[in-house]
J.: 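What follows is a structure written as structure tokens; I'll ask about it next.
Since the structure is predicted, the reported quantities are computational estimates derived from the model, not experimental observations. Start at 1 with the first residue, then count along the sequence. All values below come from the heavy atoms of this structure, side chains included, with hydrogens, waters and symmetry mates left out.
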Amino acid sequence: MSALTDLIHELTIATSHLKQSALTDDWIMVEKIQKRRIRLLAQITANQSELTAAEITELRKVREQEAAIAARAGAHHQALRLALADDPQHPKKPSRMRKAYGDQ
């Protein structure tokens, strides 16, 4: 295996761990894994001209998993926004636009 193939394999494993952490709502672990993935992606991008067809296919699978993870994260953020909006303890701040121009 070439060094690039090894990097892509590590990225695939890290993305699988990332997806599992997202499915279990372990967002702290997601953040840690994502930092590792960023370094791997930078190394892969530096060597991108040497990609084989198998490596390209593997990277497509990684992108598909990333899309599922992003959707899960988006749903989680939306649920948090709704929970905060419904929380009577959460202070309601006027938006900057309303504050600047007054309630119209």
J.: Can you confirm whether I56 sits close enough to T52 that some side-chain heavy atom of one is under 4.5 Å from a side-chain heavy atom of the other?
T.: no
J.: Between K35 and E31, is any pair of side-chain heavy atoms under 4.5 Å apart?
T.: yes
J.: Just how far is it from atom CD of E55 to atom NE2 of H9, taken to the nearest 0.5 Å?
T.: 12.5 Å
J.: Just by distance, do the side chain of D26 and the backbone of A22 share a donor-acceptor pair under 3.5 Å?
T.: no
J.: Find the distance between NE2 (H76) and CD1 (I69) and round it off to the nearest 0.5 Å.
T.: 14.5 Å
J.: So with a 6.0 Å cut-off around CD of Q34, is the heavy-atom count from everything else above 12?
T.: yes
J.: About how many Å separate CD of Q43 and CD1 of I38, when rounded to the nearest 0.5 Å?
T.: 12.5 Å
J.: Got more than 12 heavy atoms from elsewhere within 6.0 Å of CD1, I28?
T.: no
J.: With distance as the sole criterion, is a donor-acceptor pair present between the side chains of S2 and T5 under 3.5 Å?
T.: yes
J.: When rounded to the nearest 0.5 angstrom, what distance separates CG in L4 from CD1 in I44?
T.: 6.5 Å
J.: Could you check if a side-chain atom of I8 sits within less than 4.5 angstrom of a side-chain atom of L51, using non-hydrogen atoms only?
T.: yes
J.: Between R37 (side chain) and A14 (backbone), is there a donor-acceptor pair under 3.5 Å?
T.: no
J.: Is L18 linked to L23 within one hydrophobic cluster, defined over Ile, Leu, Val, Met, Phe, Trp and Tyr using a side-chain heavy-atom separation of less than 4.5 Å?
T.: no
J.: Measure the NZ-CH2 distance between K32 and W27 for me, rounded to the nearest 0.5 Å.
T.: 15.5 Å
J.: If I compare all heavy atoms of L7 with all of L40, which pair ends up nearest, and what's the gap?
T.: CD2-CD2, 3.8 Å
J.: Side-chain contact test, heavy atoms from C-beta onward, threshold under 4.5 Å: evaluate it for T15 versus I33 and give yes or no.
T.: no
J.: When you compare the side chain of K19 with that of R72, does any pair of heavy atoms fall below 4.5 Å?
T.: no
